[in-house]
Amino acid sequence: MSQEVEDYEVDKSQMRVSDKKAIDIKGMHKWYGTFHVLRDINLTVYEGERIVICGPSGSGKSTLIRCINRLEEHQEGSIVVDNTELSSDLKNVDKVRSEVGMVFQHFNLFPHLTVLENLTLAPIWVRNTPQHEAEELARQYLQKVKIPEQAEKYPGQLSGGQQQRVAIARALCMQPRIMLFDEPTSALDPEMIKEVLETMIELAEEGMTMLCVTHEMGFARGVANRVIFMDEGQIIEQNEPDEFFHNPQSDRTKLFLSQILGH
Amino acid sequence: MTKQVAYVRKEILGPKPPPNAQDRLIGWLRENLFYSIPSSISTLLTVVVLGWLLLGLFNWLSVSTWAAESLNDCRSIIAELNRGPDESGACWGVIRDRGIQLTFGFYPSEGYWRPILAFTLLLPALAPILFADKTPRRMILFSALYPFLMPWLLWGGTIWVPLGVMAGFAVLYYSFRFTASLNNLVRYAISLAVTLAWWMFGVPVFDSVLSALAPIGLAPVESRMFGGFMLSLTIGVVAIGASLPLGILLALGRQSDLILIKALCVGFIEFIRGVPLITLLFVASTLLNIFLPPGTEFDIIMRVMIMVTLFASAYMAEVIRGGLAALPRGQYEAADALGLDYWKAQRMIIMPQALKISIPGIVSIFIAMFKDTTLVSVIGLLDPLGLTTAIRANQEWAGIVWELYGFIALMFVVVTYSMSRYSMYLERKLYHEH
Ligand SMILES: Nc1ncnc2c1ncn2[C@@H]1O[C@H](COP(=O)(O)OP(=O)(O)OP(=O)(O)O)[C@@H](O)[C@H]1O
Ligand SMILES: [Mg+2]
């Protein structure tokens with residue numbers, strides 16, 4: 001698939017990478033049954049980093065970021081998120097989940113609740129925020145993703161791009177310290193991709209720590225401070241975006257880039 | 001020659017009414033009844049058959065009488081109405097004569113107000129559940145009270161028993177809170193045990209002490225006095241009210257990761273589904289006595305209600321499991337990712353959607369179950385059908401069929417039809433996705 005690479009204007013003044021570790025993955029392995037899907041993953045993410053993960057289909061990108069908030073369980077190695085180690089201790093899992101926001105490819109909004117209810121549900125029931133405060137917060141974030149007028153509608157009445165922005169706002173309402181995105185734009189039409197990416201860029205500009213699986217190379221160039229390339233369940237290469245795109249080292253990376261950029 | 005491709009419209013057309021719009025009726029008739037020759041023929045045939053049936057029904061109803069004291073009496077009145085000897089008519093005298101019995105069974109007549117009040121109060125108790133958006137929130141308190149109020153009104157006895165049973169829930173709550181430091185499983189076990197102990201040993205003491213101080217209560221009515229439509233409603237309401245929550249728990253248990261719980265639920269569901277209701281009712285009426293310690297009096301209606309509830313909840317569990325299976329995995333994942341725990345996710349995200357998908361199935365079970373309450377006549381309970389045997393055995397009304405069964409059918413239709421209308425209303429209301 002060839003794809004035009006669009007470049008985005010990004011204000012980098014607020015982006016700062018601190019030396020505090022947000023996520024620390026060491027020697028992590030995961031199997032689905034007997035299938036070795038993630039192999040020896042070592043990855044440290046510092047606060048304020050914007051990391052883009054790319055790689056061919058089936059390379060384990062989704063599985064990796066789903067392990068970070070334990071939608072999937074890893075079997076070997078360690079994952080430490082914000083100083084909390086993910087283990088079978090449910091208290092730790094809950095703690096990590098409430099600090100990590102996640103945005104899915106297919107939005108996964110709750111269709112039986114209005115947009116506002118989608119946003120306030122977790123603050124009210126997980127954080128015990130009083131309802132009116134939660135609603136105020138929700139409206140604030142809807143404003144931020146530029147759809148304040150949709151608060152009373154149901155997800156089914158919104159366009160794909162609007163739904164994905166609601167999903168981002170829903171994750172933000174828990175005021176997470178880290179945001180995970182799993183191909184947030186790949187179920188969207190081109191015009192909608194742009195509005196969602198703009199929301200994500202704004203988030204990056206405010207200094208959010210972000211881990212983003214995406215094939216939007218323009219976004220990677222403009223926003224990411226690090227690009228990670230995965231294949232066959234392993235991290236093959238990682239580098240700063242400029243180096244990554246112009247001077248890839250591994251043959252697999254070169255092949256992947258030539259396919260995705262249509263060179 | 002090159003074909004002309006370019007084209008520019010010169011005048012813009014305004015909107016025009018659709019064809020047949022002037023002649024709505026004819027258009028509608030043509031579209032719905034006389035679309036083609038076969039459809040016209042079938043329309044005409046249907047009209048003829050329907051007309052014939054309605055005419056017969058009308059003739060029968062138009063010569064009906066309420067006055068007669070017995071079937072023979074009625075026949076002669078109808079003959080006098082002078083429509084010719086082979087003309088038939090409806091003898092509603094049986095309803096006037098036995099209607100009260102068909103409604104209340106042998107319930108003492110000075111206590112009729114009690115079932116009437118109990119089932120009238122059912123409406124305000126149901127309203128906050130059925131029409132949650134149109135009733136004040138506070139009314140749900142009354143709904144919570146109702147399960148204790150209804151048995152007390154129907155069976156009577158001191159008021160301290162239902163109050164004691166209610167207090168059991170407070171016992172449950174506090175024993176759960178006071179054991180907060182313990183492991184979850186132990187907490188459940190301890191608080192359940194304490195509550196059961198309160199219900200079994202605490203409540204009788206509580207009742208006898210307070211009754212001695214303040215003997216407030218209603219005259220007790222024994223279960224064998226229950227009968228007629230009131231019995232059907234009692235069994236139906238209890239079974240419907242109890243089978244939904246039980247079915248939800250069974251469906252969740254069947255999906256559980258805990259192997260033991262899963263096996264237990266699967267075993268229960270499959271066992272119940274493999275046995276006809278009538279067998280369970282026989283078990284309730286005869287076999288159960290063998291297993292219970294001798295001398296225990298275990299109310300027959302209570303036994304029947306438990307069996308019908310268990311029966312319905314197994315089917316309910318399967319219908320709800322279908323709803324659960326229809327939910328995309330993403331819903332569970334989104335709930336997990338937001339940090340909702342299992343029960344919160346079930347309550348806010350999963351169940352509302354799964355139940356919504358299952359509404360038609362759930363209501364079918366409700367309707368089927370309500371009709372199945374008539375099976376209790378087989379084990380000798382006097383529901384409306386059980387009473388017909390007695391009425392028809394009496395020489396006054398021996399031989400009457402249509403009026404009696406028609407009346408009972410009508411009462412059942414009213415209830416089942418309202419249920420099906422309500423489910424349609426609910427489905428429409430909950431339809432958000434476009
Ligand atoms: N629940 C599962 N059970 C078994 N295998 C799975 C499961 N989920 C994913 N896999 C397999 O694991 C591998 C990695 O899947 P993953 O979804 O992480 O890939 P991905 O890199 O996100 O791909 P894509 O770009 O298509 O989303 C794939 O081969 C997939 O078939
Ligand atoms: Mg994926």
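FYI, side chains are in, hydrogens and waters are out, and symmetry mates aren't considered; it's all heavy atoms of this structure. The structure presented is a predicted model; accordingly, all values stated were derived computationally and were not measured. Residue numbering restarts at 1 for every chain, and letters A, B, ... go by the order of the sequence lines.
- Heavy atoms of other residues, nucleotides or ligands lying less than 6.0 angstrom from CZ of B:Arg421 number 12 at most.
- Around the CZ atom of B:Phe178, the shell of radius 6.0 Å holds no more than 12 heavy atoms that belong to other residues, nucleotides or ligands.
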Side chain to side chain contact (heavy atoms under 4.5 Å, CB included) evaluation trace for B:Met348 with A:Phe110: CA-CA 10 Å; B:Met348 322 285 194; A:Phe110 305 131; over 6 Å; no

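- A:Leu180 does not touch chain B: none of its heavy atoms, backbone or side chain, sits under 4.5 Å away.
- For the options A:Asp94, A:Leu121, A:Asn69, heavy-atom pairs under 4.5 Å to chain B are most numerous at A:Leu121.
- The local environment of CZ in B:Phe131 is crowded, with over 12 non-hydrogen atoms from other residues, nucleotides or ligands closer than 6.0 Å.
- The environment of A:Gln131 atom CD is sparse: at most 12 non-hydrogen atoms of other residues, nucleotides or ligands sit within 6.0 angstrom.
- The neighbour count for B:Ile259 CD1, taken as heavy atoms of other residues, nucleotides or ligands under 6.0 Å away, does not exceed 12.
- Counting non-hydrogen atoms of neighbouring residues, nucleotides and ligands closer than 6.0 angstrom, the OH atom of A:Tyr32 exceeds 12 such neighbours.
- Your options are A:Glu99, A:Arg70, A:Arg66, A:His106, and the one with the most heavy-atom pairs under 4.5 Å with chain B is A:Arg66.
- When the heavy atoms of residues 314-343 of chain B are compared with those of chain A, the residues falling under 4.5 Å are B:Gly330, B:Gln331, B:Glu333, B:Ala334, B:Ala335, B:Asp336, B:Ala337, B:Leu338, B:Gly339, B:Leu340, listed by number.
- With respect to chain B, the highest number of heavy-atom pairs below 4.5 Å among A:Lys153, A:Arg170, A:Met102 belongs to A:Arg170.
- No more than 12 heavy atoms of other residues, nucleotides or ligands lie within 6.0 Å of CG in B:Leu260, so this atom counts as exposed by the packing criterion.
- Remark: side-chain polar atoms of B:Lys344 are paired, donor with acceptor, to backbone N or O of A:Trp125 under 3.5 angstrom.
- Scored by the side-chain contact (heavy atoms from CB on, under 4.5 Å) test, A:Val96 finds A:Val81, A:Thr84, A:Leu86, A:Val100 as partners (sequence neighbours excluded).
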